[in-house]
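Quick notes on the structure that follows.
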Amino acid sequence: MQHPTLPAPTEFSTETNSHEPKQSIAALSLLALGVVYGDIGTSPLYAAKETFNPQHGIPLTTANILGGVSAIFWALMSVVTLKYVLLVLRASNRGEGGVMALLALAASAVGERTRLRAVLLATGVFGAALFYGDAVLTPAISVLSAVEGLEIGTAAFKPYIVPLATGVLVGLFLIQKRGTGFVGLLFGPVCALWFAALAASGIWNILKTPEILAALNPLHAWTFTTAHGFGSFLVLGSVLLAVTGAEALYADMGHFGKRAIRLAGFALVAPALTLNYFGQGALLIANPKALENPFYLAFPEWALYPMVALATAATVIASQATISGAYSITQQAIKLGYLPRMSIHHTSAKAIGQIYIPVVNWVLLAAVALAVVGFGSSSRLASAYGVAVMGTMLITTFLTFFVIYFGWRYPLWLCLLVTGFFMLMDATFLAAALHKVLEGGWFPLLLGALIYCTMFTWRQGRGALLERLRDASVPLRPFLDSLFKSPPHLVPGTAVFLNAAQDATPFALLHSIKHYNVVHERNVFLTLQFLDVP
């Protein structure tokens, strides 16, 4: 029998349609409101109230109210606006954001510095592991705090709070498969109304007590956070509640793009939050008894019940930022070899980053439900909240230094000045949060440690396996040459062999020839390349 000559392997590529329709920045900004800014946007419900909590030992004087509002305002400006929106969002890894994307950029920037790369990898992976803790706690505390509002009407609802919260969470995770765009379309208009209400309430109270505008002076924040001894340190653990969700903002960049996130942030989110926090401060100056609930009491009486309904919807929406961020972080971890391959559903034909990962969705739901049942109340969950958030933020700042110095080639003094300032803030906030480790802060740390061990175990095991396969691999061209000289028996049909490396012989083919001494008439060596296109 004459054996046909096998042609050289053919490389196939997929061309991108340059005329593919794109969503407008305005439309993406609206969607981003309901996914990216939900967590930050609901912080006014509790951040100001906790900042002025009498347990900190700081009296509720006009000077201290100015200092507290000033501390919240400058934390928002420094951490959210300057660090994340203006600086960190520039660290785009082919359109993706999040600590794993930043890790890939940092590791690439340091080049062949082996020891430094090892430190960056260990640190970055732990930051990603802590983010999963944030992704568990944010839905738990957001939904539970929303459902707990039913207790205001009657205590009869108290036994049903946890079951109802669990039911809401199940519904929230069930709709995730419809895609981030659908969720954003559902949540975006609600969040737009929410931020408009925040701004209106703030303006109404500022006009009645305009002296609150003095809180724009950062000296008030400095005095408030330094002049009260240990109470000043404790209060930072409450001030940081105003910036929770900033890390999810970066992790969700792949879903909507940095331009849409920045437009939504500067046009609506930042002004609305600033006005509302200043409005709550103005209310407290005029009526210190309003500390009972400065958020709701900042609205006129006729608006109270509509705001309760709107706040309930907004707090449910707040959990979406970390859920979407968990999908993005997982996808990046898979690409970097820290997690096994999973089924990833691309839910949009217009935006590449809008994805849904079923395994992550259901594992997150189980973990969130356990957190709700285990902690039982939002106040107990709040003790665990800050540790995961600030831990990931600190690691993000650390990795950013290596990106802007080694990758972007900025002067060393400038890199140290910028990242040093943010690291000092992050470290101070983290230290303030760590004093609650025994009260619940252990939960995200334990969860992060378990995920960290899992990711590194998979990485090491996968590396060892690939090394063994590489040592045992047979170069493809010499193998084909020898096959032509002494061919085995041909059988009808076509065989497709998946091949990770184009220049290596697939092990399946080697085993087929070894055990059956046959080869198909047509053989395709298929290497998959994932392109960063919609």
Side-chain angles (χ1 to χ4, degrees), residues 34-36 38-39 96 98-100 125 128-144 146-147 162-187 245 247-248 251-252 254-255 315-348 353-376 381 384-385 388 392 443-444 446-455 457-458 462:
V35 176
V36 176
D39 191 4
E96 291 290 341
V99 68
M100 291 301 289
V125 172
L130 282 179
F131 182 83
Y132 283 106
D134 186 16
V136 170
L137 290 175
T138 296
I141 192 172
S142 299
V143 174
L144 195 55
V147 178
V162 171
L164 284 173
T166 306
V168 171
L169 284 166
V170 170
L172 178 63
F173 279 91
L174 281 175
I175 67 171
Q176 295 300 315
K177 62 183 178 182
R178 301 294 298 274
T180 315
F182 172 81
V183 175
L185 186 64
L186 190 66
F187 291 163
E247 186 64 34
D252 285 330
H255 291 260
T315 50
V316 173
I317 293 170
S319 62
Q320 186 60 49
T322 50
I323 295 174
S324 303
Y327 299 152
S328 296
I329 293 291
T330 302
Q331 182 188 42
Q332 295 154 25
I334 292 171
K335 289 181 179 179
L336 293 174
Y338 283 97
L339 286 175
R341 292 175 182 174
M342 305 176 192
S343 175
I344 299 176
H345 299 182
H346 291 264
T347 59
S348 173
Q354 296 186 15
I355 58 174
Y356 165 71
I357 305 179
V359 172
V360 175
N361 191 66
W362 304 125
V363 171
L364 268 183
L365 172 58
V368 171
L370 285 174
V372 169
V373 174
F375 282 89
L381 277 168
Y385 199 24
T392 307
F443 179 73
L446 176 61
L447 187 62
L450 291 174
I451 296 174
Y452 178 82
C453 291
T454 301
M455 294 173 76
T457 299
W458 179 264
R462 184 172 179 269

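Closest approach of Arg462 to Gly337, counting heavy atoms only: NH1-CA, 3.8 Å. In plain terms, the two heavy atoms of Gly376 and Val162 that are nearest each other are O-CG2, 3.9 Å. Across all their heavy atoms, Ala128 and Met455 have their closest contact at CB-CE, 4.5 Å. Taking both residues in full, the closest heavy atoms of Leu381 and Ala371 are given as CD2-O, 4.3 Å, listed atom of the first, atom of the second, then distance. Between Ala326 and Leu364, the shortest heavy-atom contact is CB-CD1, 3.8 Å. Closest heavy-atom contact between Lys177 and Thr347: O-CG2, 4.4 Å.
Residue Thr330 holds its OG1 atom at 9.0 Å from CZ of Phe131, rounded to the nearest 0.5 Å. Summarising the geometry, atom CD belonging to Gln176 is positioned 11.5 Å from atom CD1 belonging to Ile357; distances are rounded to the nearest 0.5 Å. For the atom pair Leu164 CG and Leu169 CG, the distance stands at 11.0 Å (nearest 0.5 Å). Atom CG of Leu447 and atom CG of Leu137 lie 8.0 Å apart (nearest 0.5 Å). Trp458 CH2 to Ile334 CD1: the interatomic distance, rounded to the nearest 0.5 Å, is 10.0 Å. Thr457 OG1 to Tyr338 OH: the interatomic distance, rounded to the nearest 0.5 Å, is 12.0 Å.
Phe375 places none of its side-chain heavy atoms less than 4.5 Å from the side chain of Leu144. Val99 places none of its side-chain heavy atoms less than 4.5 Å from the side chain of Leu130. The shortest side-chain heavy-atom distance between Leu172 and Ile323 falls under the 4.5 Å cut-off. Residues Asn361 and Tyr327 form a side-chain contact, since some pair of their non-hydrogen atoms from C-beta on lies under 4.5 Å apart.
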